Amino acid sequence: MSTALKKDFLRIASVNVNGLRAAYKNGMAEWLEPRGVDILCLQEVRAPDDIVRKLIGEGWHILHTEAEAKGRAGVAIASREEPTATRVGIGDSYFDTSGRWVEADFNVKNAAGESSTLSVVSAYVHSGEVGTQKQDDKFRFLDAMITRLPELAKHSDHALVVGDLNVGHTELDIKNWKGNVKRAGFLPEERAYFDRFLGEEIGWRDVHRGLAGNVAGPYTWWSQRGKAFDTDTGWRIDYHLATPDLAAAALSAVVDRAPSWDTRFSDHAPLVVDYRLQVP
C-alpha cells in the first residue's frame with residue numbers, strides 16, 4: 001500500500017544529490033526511509049540507470065534520464081504511485097541528451113475529493129560561467145523554460161517544477177549577495193527570468209518563498225569552501241515553482257538541513273513540501 005493513501009496530503013521532496021552513489025554512501029537512505037516522501041525529485045544523479053534503480057530500491061516507480069556526458073547532470077523522479085504519463089526533455093532538442101529535465105503526470109484528488117491532474121518536473125539548470133558557452137547554454141535553457149511553463153499550465157490542472165535552478169532570485173536568497181552580483185547564479189539577467197516566471201506574464205508561484213515569507217533564505221546550498229555551512233552562508237537555489245492553485249494548496253515547506261557539516265549526504269539540503277492533495 002502506498003504511503004500516499006494513508007494521509008491527507010502529498011509530500012514532494014527535491015534534492016540535488018551531488019552524485020547518487022556518494023549520497024547513498026553518506027547516508028541518504030537513512031534520511032529518505034522515515035521521511036514519508038510520495039514523490040522524490042533528484043538532480044545531479046550522475047549514475048547509470050541500473051545503479052539508480054538499485055540504490056533507490058523497491059517500491060518506487062522511477063523515471064530517470066542520464067546525461068550523454070558521463071558523470072554529469074542526470075535527473076530523476078521516483079514516485080510511490082505510477083505516473084499516468086512521462087516525458088523526457090524540455091522541448092529544445094539541443095538539450096535532449098543533457099540529463100536536465102523530466103516530467104511525470106499523476107492523478108490526484110483535492111481536499112473536496114475532486115479529481116485533477118498534476119504534472120511534476122525535476123529540473124537541473126546549468127550553473128553557468130560568465131562569458132563562456134556554459135552561460136550561453138544556461139540562458140538558452142531558461143529561454144526554453146519561458147516556453148515550457150505556460151505549456152505545462154495548460155496541459156494539467158496543476159503543474160510543479162522542482163529542482164536545482166541555480167539562480168538566487170532576490171537579495172534574500174543569497175547571504176553574500178553584494179559579492180555575487182557579477183557572478184553566475186545572481187546575475188541581473190538571470191534573475192530577470194525569475195521575474196517573468198513569477199510575474200504577470202507567466203504567473204507561477206515560488207512555493208517556498210510564499211510559505212517562508214520575507215526572511216533571509218532559508219538556504220538550500222552551501223559552498224564547500226571555508227565554513228559556509230557552519231556559518232549558514234548559503235544560497236537558496238532549490239525551488240518548488242507551482243501554478244497558482246497548487247501553490248495555494250501548499251501546507252508547509254521544510255529544508256532538511258543536516259545537523260552538522262560532516263553529517264550531510266550532499267552539498268544541497270532536501271526541500272520538502274506538503275500539498276493538500278491525495279493520490280486516489
Side-chain angles (χ1 to χ4, degrees), residues 12-24 28-29 32 37-106 117-128 133-134 136-149 151-152 155-156 159-167 221 237-242 265-268 270-271:
I12 302 178
S14 176
V15 58
N16 178 321
V17 294
N18 194 21
L20 191 65
R21 283 172 286 202
Y24 267 79
M28 180 175 168
L32 180 60
V37 173
D38 300 300
I39 300 174
L40 173 66
C41 297
L42 307 175
Q43 303 88 43
E44 245 189 310
V45 174
R46 303 202 316 247
D49 193 67
D50 59 332
I51 297 295
V52 172
R53 296 177 186 278
K54 179 180 179 181
L55 288 173
I56 295 176
E58 297 181 356
W60 295 91
H61 299 273
I62 298 172
L63 169 64
H64 169 231
T65 181
E66 299 177 45
E68 186 176 55
K70 298 299 181 184
R72 301 290 299 277
V75 290
I77 298 174
S79 58
R80 292 298 192 181
E81 298 294 330
E82 186 174 6
T84 58
T86 61
R87 296 169 295 278
V88 174
I90 195 170
D92 181 342
S93 60
Y94 181 75
F95 299 112
D96 280 354
T97 60
S98 67
R100 293 183 179 272
W101 188 276
V102 288
E103 303 177 359
D105 296 343
F106 300 90
T117 56
L118 167 67
S119 292
V120 177
V121 176
S122 181
Y124 177 44
V125 175
H126 307 66
S127 56
Q133 184 63 46
K134 293 179 180 179
D136 293 342
D137 287 350
K138 185 175 188 177
F139 286 135
R140 181 166 178 168
F141 197 88
L142 292 169
D143 282 332
M145 287 182 66
I146 290 288
T147 299
R148 188 59 184 152
L149 293 186
E151 293 173 348
L152 281 168
H155 174 76
S156 296
L160 178 68
V161 172
V162 308
D164 178 2
L165 304 187
N166 262 316
V167 177
W221 176 79
I237 54 177
D238 300 89
Y239 291 84
H240 279 227
L241 301 184
F265 63 81
S266 172
D267 55 349
H268 291 251
L271 174 58

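None of the values given here were measured: they were computed from a predicted structure.
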Contacts of Phe265 meeting ring pair (Phe, Tyr, Trp, His ring centres under 6.0 Å) (sequence neighbours excluded), chain-then-number -> Trp31
Return the set of residues passing salt bridge (charged side-chain N to carboxylate O under 4.0 Å, His left out) with [X] (not counting sequence neighbours), or none when no residue passes.
X: Asp143; value: none
X: Lys54; value: none
X: Asp137; value: none

So which heavy atom on [X] is nearest to which on [Y], and how close?
X: Val120; Y: Ile77; result: O-CD1, 3.4 Å
X: Ser119; Y: His155; result: OG-CD2, 3.4 Å
X: Leu42; Y: Ser122; result: O-OG, 2.9 Å
X: Leu165; Y: Ala123; result: CD2-CB, 4.0 Å
X: Val162; Y: Gln43; result: O-NE2, 4.2 Å
X: Asn18; Y: Ala22; result: O-CB, 4.4 Å

Identify every side-chain donor-acceptor pair in residues 59-76 under 3.5 Å, counting partners at least two apart or on other chains, and give the distances.
unit_1: His64; atom_1: ND1; unit_2: Asp49; atom_2: OD1; d: 2.9
unit_1: Glu66; atom_1: OE2; unit_2: Asp49; atom_2: N; d: 3.0

N/O donor-acceptor pair under 3.5 Å between Asn166 side chain and Val125 backbone: yes
Picking from Trp101, Phe139, Tyr94, Phe141, what satisfies ring-ring contact (aromatic ring centres under 6.0 Å, His included) with His126? Phe141
Any side-chain donor-acceptor pair under 3.5 Å between Trp221 and Asp238? no
Report yes or no: do Asn16 and Glu44 form a side-chain donor-acceptor pair below 3.5 Å? yes
State the CD1-CG distance between Ile237 and Leu271, to the nearest 0.5 angstrom. 12.0 Å
Hey, what do you get for CD1 (Ile90) to OG1 (Thr147), rounding to the nearest 0.5 Å? 8.5 Å
Side chain to side chain contact (heavy atoms under 4.5 Å, CB included), that's the test. Do Leu40 and Arg80 meet it? Break it down for me. CA-CA 9 Å; Leu40 173 66; Arg80 292 298 192 181; over 6 Å; no
Between Leu32 and Val37, does a side chain to side chain contact (heavy atoms under 4.5 Å, CB included) hold up when you go through it step by step? CA-CA 7 Å; Leu32 180 60; Val37 173; 4.1 Å; yes
Test log, rule side chain to side chain contact (heavy atoms under 4.5 Å, CB included), inputs Leu160 and Val121: CA-CA 6 Å; Leu160 178 68; Val121 176; over 6 Å; no
Tell me the salt bridge (charged side-chain N to carboxylate O under 4.0 Å, His left out) pairs involving residues 86-105, sequence neighbours left out? Arg87-Glu103, Arg87-Asp105, Asp92-Arg140, Glu103-Arg148
For a 4.5 angstrom cut-off between non-hydrogen side-chain atoms, does [X] reach [Y]?
X: His240; Y: Ser14; value: yes
X: Leu20; Y: Met28; value: yes
X: Tyr24; Y: Val17; value: no

Asp38 vs Glu81, test: side chain to side chain contact (heavy atoms under 4.5 Å, CB included). Steps then yes/no. CA-CA 8 Å; Asp38 300 300; Glu81 298 294 330; over 6 Å; no
